[in-house]
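Data block below; observations after.
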Amino acid sequence: MFAQVALPIPLRTLFTYLLPPDTSVAPGTLVLVPVGQSRQVGVLWSISAQPAWNEGEIRPILEILEERPLLNEELRYLLEWIANYYLCPIGSVLAAAMPGHLRLQKRRRIFWNHSSIPDTVPETLLPLAQWLHKKQHLSEETLTHKYPRPLLQQQLQQLLRLGLIRLEEKWHGRQESDCIIPASTTPCTTAPRLTAEQSCQAQLIEQALQRQQFHTFLLHGITGSGKTELYLRAVEQVLLLGRQALLLVPEISLTPQLIQRYQDRFQATLAVFHSRLSDAQRFNYWQQIRDGRARVVIGARSAIFAPFADLGLIVVDEEHDPSYKQEGSVPYQGRDMAVVRARQAKALLILGSATPSLESLTNVRQGRYSLLTLQQRATGALLPTVEIIPTAELIRQQQMRFTDLLSPILRQAIQETLSAGQQVLLFLNRRGFAPSLLCRRCGHAIQCPHCSVTLTMHKEKKLLICHYCDYRQHLRDVCPACGQLSLFAFGPGTERLQEELSSFLPDARSARLDRDTVASGQVDPESTLNAFRDGKLDILMGTQMIAKGHHFPGLTLVGVVQAETTLCQPDFRAAERTFQLLTQVAGRAGREEGQPGRVLIQSYDPTHYALQAVLTHDVTGFVNSELLYRQEAGYPPFHRLALLRFSSAQLQTGTDFAQTLKEQLPALEHVQLLGPAPAPLFKLRNRYRWQLLVKELKSGQLHRALHRLLPLLHSLANSRIRLDWDVDPYSFT
DNA sequence: AGCACGCCGACT
DNA sequence: GTCGGCGTGCTC
Ligand SMILES: [Zn+2]
Ligand SMILES: [Zn+2]
């Protein structure tokens, strides 16, 4: 018998191995196989009587690693689906789905397996044999310091044949793990009462769960309307049906507070995939999910690959969040994969958001999803009032300097709020002190030597840092172009905001939460958020990190320092993103009844329709005008896109290739080719970049075109050109 | 992705 | 002379 095995290396095909006689093993099981000079853990994909490959020697499977399959058919289907849809090797998909699971621990140990060194040992092997005999056991790594690998392999083989040594290969699947989940399904805390609106929607969810068929709900509930409580109820019900549940959240929302909330309800059965898990812990969770011992799973997008035995419910919270899109070698959209997986598992899917993606809303309009809405806040509080502050106009009227981040209106509002004993949140989606350092004499902006972007000024660290490649140089006073002492920090940043705020209100208790303060250990996110919630801080300022989900009862004023930071990006979703992010931030304000919230948005473009929609809480109005724009411009959700990118370390090589493509790319049916054009971020990590946008004109024809286009690109490109592509792209930099 | 093989610059 | 840099090509 032969086995086709998927390996976690970027291969488009399965490899064929010989199944040792008398082995009973089912597809989906982990196996150890030889690959070239090394060994790999792979997944047995299928078994056949005839080899699926006959162009060389077929080697045998070395070991069946587990008694039962880890990847059931449903999960293998998902991985194949991803490989086909996103046009990437099945091996890469496997590696993305199971990071670490399949990795053998690099250090093989070699044990001396004999009391002495027999005389029969050939002279060439003596030095190695003596070394091993003396030490009794050594890691392969240590040996490679003294022996070149091919020689070592050869000598070890000989010693092995003589029965003098024994190899021990470590695979963490064998390690005992420390994250045992006890088996119990008793809810720990009792559920709070639902509002009339909530219980109405909860009933619809329950009915759908009872049917145990695939169905998708879009749960569109305003901020603070109690979506989480509906998720919790749905999970409770699916557990009663004896099925498992998966909750996907954006990476940034996977906070101790969120975990606690679920733990209080489902403690006994919960597995949380957070980024600090070791390979062994992660693998142990996988086994417990397969065995049905873990019944509720929470994680970011990659938890979609967990090996559920009987998945009955998937919840995608904040379904519009861009972090569901994985970038890199396997660029999948986690939310979309939830649809594929739920359909295959006959599970109920709930996509929840206060600001649903246009894709999901379109699916509702086309009848593929059903809509559930929550229009009232669970506490009975009203939505905050929103005002837009025209920064440019205030500067022109000399009411503020153009270097100021806080307008007089916002300053006054902060003071009023603090003196009323309430709290303030200031949002600015830019870390560092300023995004660039300019020369006021010659206009020079200090750039990254490896990328075509300006270096961000970090005042505390006294560094200029590239936010794309992490290049750093010391902060300087002298302009590198004209040699004058004339550099000044241009543009906003959270560090500068903090500086301005502490000179404005030196006595206020404030904290800054962004990647820099967290990484430097200055600030602990959990305790800071808790302190703010408990009223031990007056002002919290920061980036994305403070925008999500948290409930701060004393918070009544939200200030958005500069709305444009998300607006001016080379991305047709810029307006949608801005609307979503600002609505989300605004939703932090005034969540308790009787304490109305106020939101002040500072902007250089106050009439922009995305901001106007935030002002009036007009989701429908925004969605309609945005959809109109998308339709006219031929963008998603009306036309699918694929982005083909290429780059080269030499400018000329790239330019030539772009020219070649312009001349030689044929017109393809049912798609439109836009480009190649230089990428908005033209140089990144010393590579010059171009992109070619493929727009689908007739539904269902994108892949046909890509299957013609990609081989053509490969054949035209020389080895200096690096090619990659992204189906349904979210990033256009 | 590893890991080999292979062909050119600075060193015991 | 050879040690080692990483470019190219293969792995059932
Ligand atoms: Zn850079
Ligand atoms: Zn200058």
Side-chain angles (χ1 to χ4, degrees), chain A residues 1-21 23 25 27 29-65 79 82-83 86-108 139-157 167 169-172 279 302 326-331 647-650 653-654 685-687 711 714-724:
Chain A
M1 295 290 265
F2 299 91
Q4 278 68 248
V5 174
L7 297 164
I9 52 184
L11 291 166
R12 292 189 172 273
T13 57
L14 302 174
F15 274 13
T16 304
Y17 289 90
L18 209 56
L19 205 56
T23 35
V25 61
T29 306
L30 297 186
V31 292
L32 185 69
V33 293
V35 181
Q37 304 303 306
S38 62
R39 297 153 302 280
Q40 287 268 355
V41 179
V43 177
L44 195 151
W45 215 257
S46 59
I47 296 169
S48 59
Q50 293 302 312
W53 180 80
N54 55 6
E55 280 146 60
E57 183 205 352
I58 295 178
R59 300 165 75 181
I61 285 180
L62 298 173
E63 200 182 337
I64 311 289
L65 291 170
L79 301 188
I82 291 176
Y86 293 106
L87 304 158
C88 51
I90 185 72
S92 304
V93 180
L94 189 63
M98 311 174 75
H101 292 31
L102 306 176
R103 212 172 303 141
L104 281 169
Q105 241 149 42
K106 258 301 44 119
R107 277 168 241 106
R108 258 196 323 183
S139 76
E140 191 173 21
E141 206 183 13
T142 315
L143 294 171
T144 48
H145 292 319
K146 272 264 162 58
Y147 289 84
R149 211 166 242 290
L151 180 70
L152 181 67
Q153 293 300 349
Q154 188 205 326
Q155 298 206 348
L156 287 177
Q157 278 304 317
L167 301 180
E169 211 142 13
K170 272 203 135 175
W171 175 57
H172 57 66
D279 284 351
S302 63
Q326 158 99 358
E327 303 288 344
S329 60
V330 186
S647 69
S648 164
Q650 300 85 24
T653 312
R685 294 172 201 275
N686 281 325
R687 297 187 69 88
H714 269 295
S715 67
L716 292 172
N718 64 37
S719 63
R720 322 257 70 188
I721 297 279
R722 193 178 296 163
L723 267 171
D724 60 287

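Every chain is numbered from 1, with letters handed out A, B, ... down the list of sequences.
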Can you give each donor-acceptor pair under 3.5 Å made by side-chain atoms of residues 11-19 of chain A, sequence neighbours left out, with the distance rounded to 0.1 Å?
unit_1: Arg12(A); atom_1: NH2; unit_2: Leu87(A); atom_2: O; d: 3.4
unit_1: Tyr17(A); atom_1: OH; unit_2: Pro34(A); atom_2: O; d: 2.8

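Between Met98(A) and Leu30(A), some side-chain heavy-atom pair lies under the 4.5 Å cut-off.
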(message) What does the 5'-to-3' dot-bracket notation of DNA chain B look like when only Watson-Crick and G-U wobble pairs under 3.5 Å count, and pairs to other strands show as |?
(response) |||||||||||.
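Regarding Gln40(A), its CD atom lies at a distance of 11 Å from the C1' atom of dC3(B), rounded to whole Å. Taking atom CZ of residue Arg39(A) and atom C1' of nucleotide dA1(B), one finds them 15 Å apart after rounding to whole Å.
Atom-to-atom distance recorded for Asp724(A):CG and Ser329(A):OG is 9.5 Å, nearest 0.5 angstrom. Taking CE of Met1(A) as the reference point, atom CD of Gln50(A) lies at 10.0 Å (rounded to 0.5 Å).
Of all non-hydrogen atoms in Ile61(A) and Pro20(A), the two that sit nearest each other are O-CG, 3.9 Å. Annotation for Ala95(A) and Pro8(A): closest pair CB-O, 3.8 Å, computed over non-hydrogen atoms. Nearest heavy atoms, Pro89(A) versus Pro10(A): CB-C, 3.9 Å. Of all non-hydrogen atoms in Thr29(A) and Ile64(A), the two that sit nearest each other are CG2-CG2, 3.9 Å.
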Listing time: all N or O pairs from protein to nucleotides 7-12 of chain C that are below 3.5 Å?
unit_1: dT11(C); atom_1: O3'; unit_2: Gly36(A); atom_2: N; d: 3.0
unit_1: dC12(C); atom_1: OP1; unit_2: Pro34(A); atom_2: O; d: 3.2
unit_1: dC12(C); atom_1: OP1; unit_2: Gly36(A); atom_2: N; d: 3.4
unit_1: dC12(C); atom_1: OP2; unit_2: Arg59(A); atom_2: NH1; d: 2.8
unit_1: dC12(C); atom_1: O3'; unit_2: Thr16(A); atom_2: O; d: 2.8
unit_1: dC12(C); atom_1: O3'; unit_2: Arg59(A); atom_2: N; d: 2.8
unit_1: dC12(C); atom_1: O2; unit_2: Thr16(A); atom_2: N; d: 2.6
unit_1: dC12(C); atom_1: N3; unit_2: Trp53(A); atom_2: NE1; d: 3.2
unit_1: dC12(C); atom_1: N4; unit_2: Trp53(A); atom_2: NE1; d: 3.2

